[in-house]
Asks: 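What follows is a structure written as structure tokens; I'll ask about it next.
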Number of protein chains: 2
Amino acid sequence: MQNEPNLPASSLVSGAIGAITRRIRDEDLMPGDRLPSEAQLSKELNVSRTVVREALRSLDAMRIVDLATGKRATVAHIDHDAMSLMIEHGVHTDQISIQQIYDVRRTIETRIVALAALRRTDTEAAQILDAAARMRACADRPDELMEHDLALHKLIAGACRNPVFELLVGAFQGITRQTWPVGWKSRPTPQAREVMIATHEEIARAIAQGDPQAATTAMSIHFDESVRALLSAGLS
Amino acid sequence: MQNEPNLPASSLVSGAIGAITRRIRDEDLMPGDRLPSEAQLSKELNVSRTVVREALRSLDAMRIVDLATGKRATVAHIDHDAMSLMIEHGVHTDQISIQQIYDVRRTIETRIVALAALRRTDTEAAQILDAAARMRACADRPDELMEHDLALHKLIAGACRNPVFELLVGAFQGITRQTWPVGWKSRPTPQAREVMIATHEEIARAIAQGDPQAATTAMSIHFDESVRALLSAGLS
DNA sequence: TCGGTCAAACCTGTATGATAGGTTTCGTCA
DNA sequence: TGACGAAACCTATCATACAGGTTTGACCGA
């Protein structure tokens with residue numbers, strides 16, 4: 001692994017970003033490990049503190065380091081915040097459509113749910129069943145229903161034991177949250193809404209039973225329905 | 001769409017990031033549209049130019065705006081650079097494993113190749129066939145072979161007509177590039193290496209023939225092989 | 001009228017110095 | 001050994017300055 005980070009090499013700030021990134025890699029730093037102070041980095045890299053700050057701020061934006069008042073920058077845990085912003089940006093600037101996002105979600109979440117069925121712990125299975133039950137209990141309260149729906153998908157992503165999938169599910173959460181009310185409203189009948197809840201229950205059941213095929217089928221049905229609902233609401 | 005960006009609301013810089021993001025959204029700005037100057041934003045947001053610069057630098061890192069000397073910030077096209085850095089960071093800090101990335105790649109790229117078979121233009125089909133032919137022609141020159149291999153995957157992602165998938169393929173490119181030589185070397189025989197090239201040719205053929213099933217099958221085979229090769233090289 | 005040129009105004013990237021407030025380290029004492 | 005407090009360290013923000021890049025508009029010639 002001897003590659004330079006994928007950056008335009010055109011400014012002192014981008015140079016500092018590269019140098020800090022390389023330092024993290026070369027010294028095998030782990031999340032929580034401390035970096036040198038801004039003053040020290042400024043001296044080592046032979047740039048002003050302004051440049052170091054802007055570089056660190058960029059790395060913070062990408063969740064590569066954590067910044068805090070009075071403390072030195074530390075190496076960050078991966079996190080979906082930046083990806084979420086980027087996806088939302090794509091949607092708001094008409095570069096990405098909702099249907100495109102749902103195609104990707106369907107693709108990854110049908111795989112995730114199969115892995116979750118195979119890899120979940122008993123605790124996770126119980127939590128997933130609980131989230132589905134809470135959806136059932138909030139059927140007439142859409143705001144709460146949405147929160148449990150989102151929580152269920154998050155739990156499933158956690159149970160799949162692949163942090164990249166988890167990151168991606170998190171990255172789509174902002175847009176999911178924004179489109180959920182539209183989808184719910186556009187389900188035409190109480191029966192259609194009932195199917196949505198029952199499908200989530202089926203997903204949970206399949207995961208708890210460790211049945212990846214049933215889980216995949218149920219998740220596929222869920223997404224096909226959701227796409228239909230959003231389409232009928234004019235979200236293309 | 002009335003949601004706040006997903007940010008900790010704990011500093012002037014994060015506040016400025018939110019304000020600028022909101023402005024892009026509320027004014028329906030598109031890629032290439034100009035934002036106010038740093039001085040103007042400083043005045044409007046009632047913060048120092050430092051805060052504005054750090055906010056813009058953060059947004060630049062996430063490829064939400066573009067910065068350039070002498071020019072005002074503009075709204076950016078989506079781009080995989082930041083995601084690529086984030087994925088690499090996850091790998092280097094032992095938060096993500098290579099096998100996890102390949103699981104995600106297999107999941108998305110088998111979907112992408114099916115879409116590409118359905119949606120490619122004749123020009124794209126020709127380019128894809130050409131890239132596969134160039135792989136064949138460079139079979140004894142691994143560096144060039146890798147470049148054509150990477151280019152082929154990129155072309156396929158482009159042909160699928162889903163910019164989110166394209167973003168994700170780009171996001172994994174850094175790690176793919178870093179692991180490719182390992183996988184190549186760990187294919188034990190000339191026969192095994194031949195299979196890799198032939199599989200890419202089969203992928204290209206299936207796309208050109210508009211056959212999503214054949215494309216999906218070939219891509220699955222390709223990933224199963226690649227995962228095996230990387231595993232046998234100790235990359236888990 | 002249109003296109004080219006040029007200068008002024010605008011604009012950013014970087015540096016430097018300063019201050020307020022948060023965090024860490026280390027010496028002291030019970 | 002653990003608690004406390006002070007000094008040193010550290011960051012977030014502000015202000016000012018300068019070098020160099022970009023944009024705009026006036027002017028002039030064809």
Side-chain angles (χ1 to χ4, degrees), chain A residues 5 7-21 23-24 27 29-77 81-82, chain B residues 5 7-21 23-24 27 29-77 81-82:
Chain A
L7 277 179
S10 57
S11 72
L12 294 182
V13 173
S14 55
I17 291 172
I20 295 166
T21 306
R23 184 185 193 108
I24 293 171
E27 301 189 3
L29 298 185
M30 293 293 119
D33 289 347
R34 285 200 309 178
L35 290 169
S37 66
E38 292 172 1
Q40 182 73 15
L41 286 169
S42 171
K43 206 180 312 175
E44 289 180 16
L45 302 180
N46 206 27
V47 292
S48 72
R49 196 179 142 215
T50 304
V51 171
V52 170
R53 285 196 59 76
E54 289 189 15
L56 287 172
R57 194 65 83 169
S58 300
L59 291 166
D60 175 65
M62 292 187 283
R63 311 309 307 122
I64 289 176
V65 304
D66 275 320
L67 305 181
T69 303
K71 305 172 63 157
R72 294 204 247 138
T74 53
V75 177
H77 292 275
D81 284 351
Chain B
L7 275 179
S10 59
S11 70
L12 293 182
V13 173
S14 54
I17 290 171
I20 295 167
T21 306
R23 185 185 192 110
I24 293 172
E27 300 189 7
L29 299 185
M30 292 293 121
D33 289 348
R34 285 200 307 178
L35 291 170
S37 65
E38 292 173 1
Q40 182 72 12
L41 286 168
S42 171
K43 207 178 310 174
E44 289 179 16
L45 302 179
N46 205 28
V47 292
S48 71
R49 195 179 146 214
T50 303
V51 170
V52 171
R53 285 196 57 76
E54 290 191 16
L56 287 173
R57 194 64 85 168
S58 300
L59 291 166
D60 175 64
M62 294 189 279
R63 310 311 306 121
I64 289 176
V65 304
D66 276 320
L67 304 182
T69 302
K71 305 174 61 157
R72 296 203 247 136
T74 52
V75 177
H77 292 274
D81 284 351

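The sequence lines fix the lettering, A, B, ..., with proteins before strands; numbering per chain opens at 1.
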Asks: Looking at every heavy atom in both A/Arg63 and A/Ala76, which two are closest together, and how far apart are they?
Replies: O-CB, 3.4 Å
Asks: At a heavy-atom distance below 4.0 Å, what parts of residues 35-51 of chain B sit against DNA chain D?
Replies: B/Val47, B/Ser48, B/Arg49, B/Thr50, B/Val51
Asks: So, is A/Arg53 near the phosphate of D/dT11, with a side-chain N or O under 4.0 Å from OP1 or OP2?
Replies: no
Asks: Side chain to side chain contact (heavy atoms under 4.5 Å, CB included) with A/Val47: which of A/Leu41, A/Leu12, A/Val13?
Replies: A/Leu12
Asks: C/dT23 P sits how many Å from A/Lys71 NZ, rounded?
Replies: 7 Å
Asks: Send over the distance from B/Leu67 CG to C/dT12 P, rounded to a whole Å.
Replies: 9 Å
Asks: Are the side chains of B/Ile64 and B/Ile24 in contact, using a 4.5 Å heavy-atom criterion?
Replies: yes
Asks: If I take atom CG in residue B/Asp66 and atom P in nucleotide C/dT12, what distance separates them, rounded to the nearest angstrom?
Replies: 14 Å
Asks: I want to confirm an ordering. Mapping B/Arg34 and A/Gly70 to their closest nucleotides on DNA chain D, which one lands closer to the 5' end?
Replies: A/Gly70
Asks: Is the closest basic N to carboxylate O distance between A/Glu38 and A/Lys43 below 4.0 Å?
Replies: no
Asks: Please give, in whole Å, the distance from C/dT12 C1' to B/Arg57 CZ?
Replies: 9 Å
Asks: Roughly, in whole Å, what's the span from CD in B/Glu54 to P in C/dG13?
Replies: 13 Å
Asks: Hey, are B/Glu44 and B/Arg23 close enough for a salt bridge, meaning a charged N less than 4.0 Å from a carboxylate O?
Replies: yes
Asks: Starting at CG of B/Leu12 and ending at P of D/dA12, how long is that distance when rounded to a whole Å?
Replies: 11 Å
Asks: At their closest point, which heavy atom of B/Ile20 faces which heavy atom of B/Leu56, and how far apart are they?
Replies: CD1-CD2, 3.9 Å
